There are 2 protein chains.
Amino acid sequence: MATIYQVSERAGVSLATVSRVMNGSAKVGEATRNKVLQAMQELNYRPNSIAQSLASNCSNSVGMLVSEVHGPFFGEMMSGVENELRSVGKHVIIAAGHSDVESEKDAIEFLISRKCDALILHVDAVSDEYLLELNKQTPVVVLNRHVAGMDENCICLNNELGGYLATKAMLDLGHQQIAYISGPLFKLDVRERLAGHKRALQEAGRAFDEGLFVEGDFHEAGGVAAMEQLLKHKQPFSAVVCANDEMACGAMNCARDHQLDIPADVSIMGFDNVIISRYTFPHLSTIDFPAGEMGRMAARWVRKHIYQDDKLKVQNLFEPSLVLRDSVSRR
Amino acid sequence: MATIYQVSERAGVSLATVSRVMNGSAKVGEATRNKVLQAMQELNYRPNSIAQSLASNCSNSVGMLVSEVHGPFFGEMMSGVENELRSVGKHVIIAAGHSDVESEKDAIEFLISRKCDALILHVDAVSDEYLLELNKQTPVVVLNRHVAGMDENCICLNNELGGYLATKAMLDLGHQQIAYISGPLFKLDVRERLAGHKRALQEAGRAFDEGLFVEGDFHEAGGVAAMEQLLKHKQPFSAVVCANDEMACGAMNCARDHQLDIPADVSIMGFDNVIISRYTFPHLSTIDFPAGEMGRMAARWVRKHIYQDDKLKVQNLFEPSLVLRDSVSRR
DNA sequence: GCTAATAATGTAAGCGCTTTCACAAATGTT
DNA sequence: AACATTTGTGAAAGCGCTTACATTATTAGC
């Protein structure tokens, strides 16, 4: 592989000049530039980005940490990030945190030692304090989590609105008894979604009923268990709003096992609009979570603040939207 | 951030010695080692991996190119790769090729200029010749595609066996008329799966019937269209084997729209065992594609051949297996 | 035509490591 | 006790770039 030195030799100029035409960092005479360009061509020169990074103290790479590399949700996010960054010649290094404190910290250490110019994090185990501290050390953008004190660095979804829209949709369809299957309440977004649910009820003049509430685990089995519990309880309901699509699937399957027709007997709503929601039977109504867009925005944040692409605008808060499919009907 | 120089100073030793204790590349006296280790601790020293890469001419990174970063299939693969590599301190740079020749070549160029120590490719647009040529330039391992002449570098699934198992399962359940919805025939794996289907039919003494064959596009809509076509054709069948899960979903939905019960009226089989197959109704029977395992194996190939972890074994061919769920029944 | 400014290019010092080579000290050998 | 090994350590030359600074060539101003 040719080096800058060989190029400079062939073009009959100095190293610095070659570097200049590569980076456009200073004026270079037209004729000189052409000589250099041609020499590059002839030698099939490709800059060594490692050396560039060392010399310029900028690795041109950004680290991305997700809970799991698989899973439709993270896939969309990563896809958005990759797209946005590669278009400007930056690369993304991925790592998985597995929703575990040690593992997340480990991965972050790893990315830092890799000299990433910035970190895009989707984490739920580490504390806010840790993130604030980290942000002093290296630029961080946090996805789907609001950390007070670094508001500008957070790209969030209006989860409260999502919860509201889900329940509001059911109310609008005439449902009176609406059960709610929540995610693990230690998560902030879960509590926000629930708050939205409560607000919708309140606006409709209906009280929140503990008997129609179950805390689930975001997994299908948890959805089945939650539905089982609701059904056993014997408190009537005609609609179930779930805090994510997986649990909604579980709830649907459970309802069906109990000979209930969806949506005739019970309407079901998910949250996230992950790919599986389009493959369930009936197709799941849900709240769209623009994960790809948010990933893209996180990348844009990095472009703007780290790679000085000043004209870029970043949007910190995203709005969810209602996706009506076949799992709900008018009561 | 502390550098090796500061560590050496604090420990009262030379740069070389510090480097040695970091890499274990040569013997260092017990006392000296401890001094160095302590100095590192005190300074919270972290090696600059960029500098390491430049000096050692080894970037400790491997590039991974997938068709799309999202999608359950690639997610599993990437997850396997990430897991295996991070455990030994290497990192993975991802890029998407979007199944387009230019885009794939572009991404490969990108990864090469990033000085990846090896490339793990899941590509379907570039030619075999291109890959052979590429492999001379930089180490390559190809996932889910057999390229003659670089057999050792390919991690494949026995697609023929998968196709065979799918149809064999239907035959074993007593089905006589088995329709087949294929993927795009220009893809090698698609043809292999089809070959397996034909072998199963032949072994059972049944002729392959063009009237029960449709070429699909691997998407849900394609599955719907294909099923529509089969149904319109009026040629009777009691089972449909599909070349992937998405089309199987489409086929199920279409059948249902035609008032057919699954599996009572028609049994359906998918291929890949992607996550959605567990969420369909009824749960889809399918052929398991161990994508995660294969990704992990590709990473292991890299560990073995590039990072000289000689004792590692790599397995080039994986076997698919039958996953029976609710979408099939005895005829 | 002479100086002052400006533009274009070269020189060389790093960036933070690895690694070869040289050398001193400790150990073993007879 | 003299020498040959082995072991531990340091000095210094890179790796392929970027960039501050120095230098030369060109143009403008009067």
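Chain letters run A, B, ... following the sequence lines, proteins first and then strands; every chain starts at 1. Being a predicted model, the structure only gives us computed values, none of them experimental.
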Should [X] be listed as having a side-chain N or O under 4.0 Å from OP1 or OP2 of [N]?
X        : N       : result
Ser14(A) : dT11(C) : no
Asn48(A) : dC15(D) : no
Tyr5(B)  : dG14(C) : no
Gln52(B) : dG16(C) : no

*Check whether the side chains of Tyr307(B) and Asp117(B) place a donor and an acceptor atom closer than 3.5 Å, and report yes or no.*
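Yes, Asp117(B) and Tyr307(B) have a side-chain donor paired with an acceptor closer than 3.5 Å.
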[X] side-chain proximity, nearest of [options]:
X        : options                   : answer
Thr17(B) : dC17(D), dT19(C), dG10(D) : dG10(D)
Ser19(A) : dT18(C), dT19(D), dG8(D)  : dT19(D)
Ala55(A) : dT18(D), dT9(D), dG16(C)  : dT18(D)
Ala16(A) : dT11(C), dT18(C), dC17(D) : dT11(C)
Leu54(A) : dC15(C), dT20(C), dT9(C)  : dC15(C)
Ile4(B)  : dA8(C), dC17(C), dC17(D)  : dC17(C)

*Give me the one residue out of Val18(A), Val28(A), Val21(A) that meets side chain to side chain contact (heavy atoms under 4.5 Å, CB included) with Val13(A).*
Val18(A)
*Run the numbers on Glu104(B) and Leu121(B) for side chain to side chain contact (heavy atoms under 4.5 Å, CB included), then give the verdict.*
CA-CA 10 Å; Glu104(B) 285 184 355; Leu121(B) 306 180; over 6 Å; no
*asked:* Does Val18(B) reach a base, just sugar-phosphate, or nothing at all? Heavy atoms under 4.0 Å.
replied: nothing
*Of Arg20(A) and Thr3(A), the one whose closest DNA chain D nucleotide lies more 5'*: Thr3(A)
_Measure NZ/Lys27(A) against P/dG10(C) and give the value in whole Å, please._
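After rounding, the gap between these two atoms is 17 Å.
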*Rounded distance (Å) that lies between atom P of dC17(C) and atom CD1 of Ile50(B)*: 11 Å
*No-H, no-angle donor-acceptor pair, Arg33(B) side chain to dG8(D) base, under 3.5 Å*: no
*Is there side-chain contact between Arg10(B) and Leu43(B), with heavy atoms separated by less than 4.5 Å?*
yes
*5'-most by nearest nucleotide on DNA chain C - Tyr45(B) or Val28(A)*: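 Its nucleotide being nearer the 5' end, the pick is Val28(A).
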*Spacing of Phe289(A) atom CZ and Met294(A) atom CE [to the nearest 0.5 Å]*: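 Rounded to the nearest 0.5 Å, the CZ-CE separation comes to 4.0 Å.
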